[in-house]
Amino acid sequence: MKKIYYLKTCSTCQRILKTLNIPKEFILQDIKHEEITVKQLEEMHSLAGSYEALFSKRAKLYKEMDLKNQTLNESDYKHYLLEHYTFLSRPVIIIDDTIFIGNSKKTTEATKAKLMEITN
């Protein structure tokens, strides 16, 4: 599978996608307009190892809901990820059986290396 979960309105996502020069065979899913399904989230979970790894603790709602002062478990993370798209650490890029989560420079470089590997 070659898929990207992102926000079309997010300038960081747009910048990363442009930097990576994503091949045409990738499926792009704007998570604001096409919600993540339980099945999709479970697929991401199986690659990431945990729902917490997919969860953005920098989301505005995280602070507004005072979640940082609560003890969250895996089912809580799953619940919030399905409840609102903003909790997904973006972009999430899946290349075959490898998942890249978030927008750190290290993650973007690793994604770029994997893309070079599959296109050569």
Measure the shortest side-chain to side-chain distance between [X] and [Y] over non-hydrogen atoms and say whether it is less than 4.5 angstrom.
X	Y	answer
Leu88	Ser56	no
Leu115	Phe26	yes
Thr111	Thr98	no
Ile22	Ile4	yes
Leu81	Ile36	no
Gln14	Tyr6	yes
Tyr85	Glu35	no
Met44	Tyr5	yes

Any donor-acceptor pair under 3.5 Å from [X] side chain to [Y] backbone:
X	Y	answer
Gln29	Lys3	no
Glu34	Ile31	no
Thr107	Asn103	no

Residue set satisfying ring pair (Phe, Tyr, Trp, His ring centres under 6.0 Å) with Phe87, at least two apart, ordered chain then number -> Phe55, Tyr80
To the closest 0.5 Å, what do you measure between [atom1] ([X]) and [atom2] ([Y])?
X	Y	atom1	atom2	value
Ile93	Ile99	CD1	CD1	10.0 Å
Lys112	Met116	NZ	CE	8.5 Å
Asn69	Asp66	CG	CG	4.0 Å
Lys114	Thr119	NZ	OG1	11.0 Å

Of all heavy-atom pairs linking Ala59 and Thr86, the shortest is CB-O, 3.5 Å
Heavy-atom nearest pair, Ile16 first then Pro91, reads CD1-CD, 4.0 Å
Determine whether Leu54 and Ser89 satisfy the following criterion, side-chain contact (heavy atoms from CB on, under 4.5 Å), listing intermediate values before the conclusion. CA-CA 6 Å; Leu54 297 162; Ser89 189; 5.9 Å; no
Could you list all the salt bridge (Lys or Arg N to Asp or Glu O under 4.0 Å) pairs where at least one residue sits in [range], not counting sequence neighbours?
range	answer
residues 70-89	Glu42-Lys78
residues 15-33	none
residues 90-107	Lys2-Asp96

Hydrophobic cluster identity match, [X] and [Y], side-chain contacts under 4.5 Å:
X	Y	result
Leu67	Tyr77	yes
Leu7	Leu28	no
Tyr51	Tyr62	yes

With sequence neighbours left out, the residues meeting salt bridge (charged side-chain N to carboxylate O under 4.0 Å, His left out) with Lys57 are Glu52
| task | Verify side-chain contact (heavy atoms from CB on, under 4.5 Å) between Thr37 and Leu82, making sure each step is shown before the conclusion. | result | CA-CA 7 Å; Thr37 65; Leu82 290 169; over 6 Å; no
- Query: For atom NZ of Lys63, is the number of surrounding heavy atoms from other residues, nucleotides or ligands below 6.0 Å larger than 12?
  - Reply: yes
For Asn21, the side-chain hydrogen bond (donor to acceptor under 3.5 Å, both in side chains) test, sequence neighbours excluded, returns none
